[in-house]
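Here is the structure we will look at, set down as structure tokens.
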Amino acid sequence: MEKLRVNENCIGCGLCVNQFENYFEFNDDGLSVAKDVAIDENDKKELLNIVDACPGEAIVIEEEK
């Protein structure tokens, strides 16, 4: 199962949160965090676009162990 992760490079621009509130949210510091949900295959193409568009290159898709 694949999941999203937002790393320490997040700058809090909100692109991911605004596009996919069901996968991302802001933490108390105003930075994005990935919600603990599995990626729906129907959303994968758009999520890959968000990964590529992230200005901080902070979003990654990982295989959950």
Side-chain angles (χ1 to χ4, degrees):
M1 173 179 13
E2 292 181 314
K3 294 188 112 177
L4 293 159
R5 183 174 61 83
V6 179
N7 65 34
E8 67 279 354
N9 294 334
C10 179
I11 62 171
C13 75
L15 175 69
C16 57
V17 175
N18 290 328
Q19 294 294 317
F20 274 106
E21 288 183 343
N22 51 332
Y23 290 103
F24 301 97
E25 62 190 351
F26 288 115
N27 65 17
D28 292 338
D29 295 323
L31 301 175
S32 175
V33 292
K35 294 182 178 180
D36 189 24
V37 295
I39 295 174
D40 183 321
E41 284 300 314
N42 295 323
D43 295 331
K44 180 109 183 239
K45 184 177 179 181
E46 288 183 68
L47 286 169
L48 287 171
N49 288 336
I50 294 294
V51 169
D52 289 339
C54 177
E57 298 179 356
I59 305 169
V60 293
I61 296 176
E62 299 178 324
E63 188 66 33
E64 187 176 54
K65 298 174 181 152

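The chain is numbered in sequence order, starting from 1.
- The nearest pair of heavy atoms linking Glu57 to Asn7 is O-ND2, 3.8 Å.
- Cluster membership for Leu31 and Phe24, using ILVMFWY side-chain heavy atoms within less than 4.5 angstrom, is not shared.
- In this structure, Tyr23 and Asp43 have side chains that are in contact, with non-hydrogen atoms separated by less than 4.5 Å.
- Counting heavy atoms from C-beta outward, Arg5 and Ile59 have side chains that stay 4.5 Å or more apart.
- Put simply, the side chain of Lys35 never gets that close to the backbone of Leu4: no donor and acceptor are under 3.5 Å apart.
- Hydrophobic clustering of Ile, Leu, Val, Met, Phe, Trp and Tyr side chains at less than 4.5 Å, counting indirect connections, keeps Met1 apart from Phe20.
- Checked against Leu48 for a side-chain contact (heavy atoms from CB on, under 4.5 Å), the options Glu46, Lys45, Lys44 give a single hit: Lys44.
- Residues Leu15 and Cys54 approach most closely at CD2-N, 4.2 Å, considering heavy atoms.
- Residues Ile39 and Leu47 have side chains in contact (heavy-atom distance under 4.5 Å, counting atoms from C-beta outward).
- To the nearest 0.5 angstrom, Glu2 atom CD is 6.0 Å from Ile61 atom CD1.
- Closest non-hydrogen pair, Asn27 versus Asp29, comes out as OD1-N, 2.9 Å.
- Closest non-hydrogen pair, Val6 versus Ser32, comes out as CG1-O, 3.3 Å.
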